Protein chains: 2
Amino acid sequence: MSPRKFFHPDVSELTLHRILFALSDPTRLAVVLDLLKDGERASGDLLAESVPRSTMTHHLKILREAGVTRTRPEGMRCLISLRREDVDARFPGLLDAIMAHGGAEASAP
Amino acid sequence: MSPRKFFHPDVSELTLHRILFALSDPTRLAVVLDLLKDGERASGDLLAESVPRSTMTHHLKILREAGVTRTRPEGMRCLISLRREDVDARFPGLLDAIMAHGGAEASAP
DNA sequence: TACGATGTACGACGAAAATCGTACATAAAC
DNA sequence: GTTTATGTACGATTTTCGTCGTACATCGTA
C-alpha cells in the first residue's frame, strides 16, 4: 500500500520553453499567480468553481511535469506549491517578473 | 501603391499568457534569443538554414501579434526587432530573465 | 516592362492540446 | 467493511497548432 507518487523532474531537466508553455495557458497561469500570492494550496481549492476536477488534474500535471509546481499528498487531498527555488535557480527573475504582473489577469479564462 | 502594412498590438493590449505562448515554441524562442543578442535582423537571415520561409512567416506573425516583435519593411526585405521597451513597460524583467538564460537552448528544434 | 528576390496568404495535413464524463484508486471516518 | 471525500486514469471529442507546398504580392533592377 504505497502512498501516491508523483513524478517531479530534476532541476537540471527544466527547459525554458516547457516552462513558458506551462505558463501560457490562462487557467494554469491563474493557478501559478494564486500560488505566488498565497503559497501552498490544496488542489481542490484552486479555481474550484470554474474548472472540473479532471480538467484541473490535467493542468496540474502539466505544471508539475514542467517543474513549475510540486504536488504533495496530504491525507485525501493534494497540496500544490511552487518550486520557486528550483525555477529561480535555473531561470533567475522569471517568476519575479510574472509575479510583478500580479493580479491583472489572474482570473480564470 | 501603399507599402506593406503589419498589424502591431498596442502596448495596453499585451497579455502575459499570449506573450508566454509566443515564447513557448522552440523556434520562436530561438528567434527571440537571436534578436536579444544581435538586435534588429532581416527575417530572411533568421534560422534561414533550417526553417522554410512560409513557416518562418507563420512564427514571425505570432511573435508580432503577441507584441513581442516589430516588423518593418525595408525594400524587399523585412527587418525584425524586439519591442523591448514595450514588453519591459508592461512586464518588467521578463525579457531580462529570458535573456539571462541566453544561448543554453538557443538552437533550433 | 519583364525579371529575380523576398515575403505573405491560403490551404491541406498530421500532431498535439484542451475539455470533460466515467470509472477507478486512495484515504479518512464511521 | 462501508461510506464519503478527494484525486487520478482513461478515453472520446473538438479545437488548436506546427509544418510546408503552391500561388500570389511587393520591391528593386535590368
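Please read all numbers here as calculations on a predicted model, not as lab measurements.
Checking dG7(D), dA18(C), dG7(C) against every side-chain atom of D25(A), the shortest atom distance belongs to dA18(C). Comparing atom distances between the C78(A) side chain and each of dG7(C), dT8(D), dA5(C) picks out dT8(D) as nearest.
We find that NE2 of H17(A) is positioned 11 Å from P of dG18(D), with the value rounded to whole Å. Remark: P of dG18(D) and CG of L47(B) are 15 Å apart, rounded to the nearest angstrom. Atom pair F21(B):CZ and dA17(C):P shows a separation of 11 Å (rounding to whole Å applied). As rounded to whole Å, 9 Å separates atom P of dT6(D) from atom CG of D45(A). Look at NZ on K5(A): it is 17 Å from C1' on dA9(D), rounded to the nearest Å. One interatomic measurement links the two molecules: CZ of F7(A) to P of dT8(D), which rounds to 16 Å at whole-angstrom precision. Distance F6(A) CZ to dG7(D) P: 10 Å, rounded to the nearest Å. If you take CE of M76(A) and C1' of dA27(C), they are 6 Å apart, rounded to a whole angstrom.
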Check nucleotides 21-25 of chain D for protein N or O atoms closer than 3.5 Å to its own N or O atoms and list the pairs.
{"from": "dG21(D)", "atom 1": "N7", "to": "S54(B)", "atom 2": "OG", "distance (Å)": "3.3"}
{"from": "dG21(D)", "atom 1": "O6", "to": "S54(B)", "atom 2": "OG", "distance (Å)": "3.3"}

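Looking at heavy atoms from C-beta onward, L46(B) lies in side-chain contact with L60(B) at the 4.5 angstrom threshold. Side chains of L63(B) and I80(B) form no contact here, defined as non-hydrogen atoms less than 4.5 Å apart.
Salt bridge absent: R83(B) and E85(B) never bring a charged side-chain N and a carboxylate O closer than 4.0 Å. Electrostatic pairing of R70(A) and D86(A) counts as a salt bridge here, judged by a charged N lying under 4.0 Å from a carboxylate O. A salt bridge does not link R90(A) with D10(A): none of the charged nitrogens is closer than 4.0 Å to a carboxylate oxygen.
We find the CZ-OG1 distance between F6(A) and T69(A) to be 10.5 Å, quoted to the nearest 0.5 Å. Interatomic distance, R64(B) CZ to C78(B) SG, rounded to the nearest 0.5 Å: 9.0 Å.
Overall bending of the helix from dT1(C)-dA30(D) to dC30(C)-dG1(D), expressed as the angle between end axes built from five pairs apiece, is 20° (10° steps).
What you find for A97(A) and P92(B) is that their closest heavy atoms are CB-O, 3.5 Å. Minimum interatomic distance between P9(B) and A66(B) (heavy atoms only, all atoms of both residues): CG-C, 4.3 Å. In this structure, I19(B) and F91(B) approach most closely via the heavy-atom pair CD1-CE1, 3.4 Å.
Contact check of residues 56-71 of chain B against DNA chain D (heavy atom, cut-off under 4.0 Å) returns H58(B), H59(B), I62(B).
Linking Ile, Leu, Val, Met, Phe, Trp and Tyr residues whenever their side-chain heavy atoms come within less than 4.5 Å places L94(A) and M99(A) in a single cluster.
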